Amino acid sequence: ATGEVRLVGAKIAGDLDWRGGIFRNREPSDSMETNVALGFDRATIGGVVLLSDHFRAKGVVQFAGAAIAGSLDLSKGWFVNPNGVALNFDGAKIDGDALLVNGFWAKGEVRLEDAKIKGHFRCSNGKFQKRENAQGYAHALCFDGAEIGAGVWLDEGFSATGVVRLHGAEIAGDLVCEGGSFVGAPREELVIKKENWSKIALSMNRARVDGRFYLQKLKHVCSGDVSLKHTHVGVLADDMKSLAKYEYEQHKSCHSYFYLDGFTYGRFHSEAPVSWSRRLDWLKTQPPEHLGKQPL
């Protein structure tokens, strides 16, 4: 299909199966209103949604406020809107899993703010890219305020060029970032008070993870800060390798930091470093101004 396809408020009793479909909007734009390729805002879908298996969309794909009785499967789908939002699931309710995996690719922001996903949110082997605009604003994946009934997987094969942000999200299971690639982008977060632009890789302020938080074997750690301000996790599973990288990178031009103000955890995972010297090194990965020092 070429041009807009909108089914706002539609009611579909069964599955929405558009595997391999191709949708293109004629007018490139950074506006979600004028560059819609596929619009299902406030739609009710009685089964699964399949925009997978080499599905292609050029323009915004919108399911804001939609209710999906089954899973959302976007595996091997390509979603392109480089100047703005590629996927918008703000406020959507998904009764199954959300699968952005196995060759999923988004060139543009992916949004699931205030979404409710009863199952897992899986992004393994998914690629998220967001080009910076003139203000340096670049969220690759944003699910602020989302409620996830199981785990979130940003692990092996996951790649984000831009900020991964989940402020205030509630995750009933684990948050797994083991082996993921987090390439930050310039973004002056409101919670970070400093004059220079900062690169943020992962920002999860005020989030709650009831299970384990795996922050291990990170890739490209010197590309951005990790902000855990006022976040709580049940079990912290970090590693000495990532901590050592952050400690080392503080003395280089990229200055990667952990923001730990108000961060709490129930206990350490058995694989996490627990010696006082390594935990002290972890605290030293905070920005200098948080340690009573002058910024570098």
Side-chain angles (χ1 to χ4, degrees), residues 71-72 89 94 96-101 104 110-128 139-160 162-184 189 191 200-221 223-239 241-243 246 256-273 282 285:
S71 293
L72 169 67
F89 280 83
I94 301 167
D97 297 331
L99 305 173
L100 287 66
V101 298
F104 168 91
V110 176
R111 296 171 54 96
L112 295 98
E113 289 193 25
D114 299 315
K116 292 179 173 58
I117 302 171
K118 289 187 178 180
H120 292 279
F121 181 28
R122 294 186 178 273
C123 300
S124 309
N125 291 305
K127 188 174 184 179
F128 299 75
H139 284 160
L141 172 61
C142 181
F143 53 110
D144 287 359
E147 298 178 13
I148 314 296
V152 174
W153 302 79
L154 312 176
D155 57 341
E156 292 293 343
F158 171 84
S159 173
V163 185
V164 176
R165 175 170 150 157
L166 51 151
H167 289 189
E170 297 184 6
I171 301 170
D174 298 337
L175 172 57
V176 183
C177 300
E178 185 173 2
S181 177
F182 296 82
V183 179
E189 299 284 341
V191 297
I200 310 294
L202 175 63
S203 188
M204 47 188 290
N205 303 333
R206 303 180 306 280
R208 181 178 181 89
V209 180
D210 291 341
R212 292 162 291 190
F213 177 34
Y214 288 95
L215 193 66
Q216 300 174 331
K217 301 177 183 177
L218 294 178
K219 300 177 182 178
H220 302 294
V221 293
S223 296
D225 299 341
V226 173
S227 184
L228 305 175
K229 285 197 165 193
H230 303 288
T231 297
H232 176 78
V233 302
V235 180
L236 177 60
D238 56 5
D239 63 1
K241 182 178 180 181
S242 294
L243 296 181
Y246 268 82
S256 292
Y257 300 115
F258 278 107
Y259 286 78
L260 301 173
D261 185 24
F263 175 66
T264 59
Y265 52 88
R267 63 179 178 85
F268 289 115
H269 192 274
S270 60
E271 297 177 1
W282 177 56
T285 61

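In this text the structure is predicted, and so the values were computed from the model without any measurement.
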(message) Using side-chain heavy atoms (C-beta onward) and a distance below 4.5 Å, is Glu156 in contact with Asn125?
(response) no
(message) Is there a side-chain contact (heavy atoms from CB on, under 4.5 Å) between Leu154 and Phe128? Walk through the geometry before answering.
(response) CA-CA 11 Å; Leu154 312 176; Phe128 299 75; over 6 Å; no
(message) When you compare the side chain of His230 with that of Asn205, does any pair of heavy atoms fall below 4.5 Å?
(response) no
(message) Using 0.5 Å steps for rounding, measure from the OG atom of Ser124 to the CG atom of Leu100.
(response) 10.5 Å
(message) Testing the basics here: between Arg122 and Val101, what is the closest heavy-atom pair and its distance to 0.1 Å?
(response) O-CG1, 3.2 Å
(request) To the nearest 0.5 angstrom, please state how far the CG atom of Asp174 sits from the CH2 atom of Trp153. (result) 6.5 Å
(message) Glu147: which residues meet the salt bridge (Lys or Arg N to Asp or Glu O under 4.0 Å) condition with it, sequence neighbours left out?
(response) none
(request) Check Ser71 against Gly96 and note the closest heavy-atom contact, atom names and distance. (result) OG-CA, 3.6 Å
(request) Look at the aromatic rings of Trp282 and Phe263 and report parallel, tilted or perpendicular, splitting at 30° and 60°. (result) perpendicular
(request) Quick one: pull up CG in Leu141 and CG in Leu166 and give me the separation to the nearest 0.5 Å. (result) 8.0 Å
(request) Look up atom CG in Leu175 and atom CG in Leu215, then write down how far apart they are to the nearest 0.5 Å. (result) 8.5 Å
(message) Give me the atom names and distance for the closest heavy-atom approach of His167 to Asp144.
(response) N-OD1, 2.8 Å
(message) Salt bridge or not between Lys217 and Asp239? Use side-chain N to carboxylate O under 4.0 Å.
(response) no
(message) Can you list everything that forms a ring-ring contact (aromatic ring centres under 6.0 Å, His included) with Phe143? Sequence neighbours excluded, please.
(response) Phe121
(message) Just verifying a value: how many Å separate Leu260 CG and Leu228 CG, rounded to the nearest 0.5 Å?
(response) 6.0 Å
(request) Write down the atom of Cys142, the atom of Glu113, and the distance for their closest heavy-atom approach. (result) SG-OE2, 3.5 Å
(request) With the side chain counted from C-beta on, respond yes when Asp238 and Tyr265 share a heavy-atom pair under 4.5 Å apart, and no when they do not. (result) no
(message) Which residues pass the ring-ring contact (aromatic ring centres under 6.0 Å, His included) test with His269, not counting sequence neighbours?
(response) Tyr214
(request) Determine whether Val226 and Phe182 make a side-chain contact, defined as any pair of heavy atoms from C-beta on separated by less than 4.5 Å. (result) no
(request) For Asp114, check salt bridge (Lys or Arg N to Asp or Glu O under 4.0 Å) against everything at least two apart and list the hits. (result) none
(message) Using every non-hydrogen atom in the two residues, find where His139 and Val163 come nearest and quote the distance to one decimal.
(response) CD2-CB, 3.4 Å
(request) Please report the closest heavy-atom contact between Phe213 and Cys177, naming both atoms and the distance. (result) CE1-SG, 4.0 Å
(request) For Asp155, enumerate each residue passing the salt bridge (Lys or Arg N to Asp or Glu O under 4.0 Å) test, keeping only those at least two apart in sequence or located in another chain. (result) none
(message) Checking Asp97 now: which residues fulfil salt bridge (Lys or Arg N to Asp or Glu O under 4.0 Å) with it, not counting sequence neighbours?
(response) none
(request) For Asp261 and Lys229, indicate whether the former's side chain and the latter's backbone hold a donor-acceptor pair under 3.5 Å. (result) no
(request) Rounded to the nearest 0.5 Å, what's the gap from CD on Glu170 to NE2 on His232? Could you check? (result) 12.0 Å
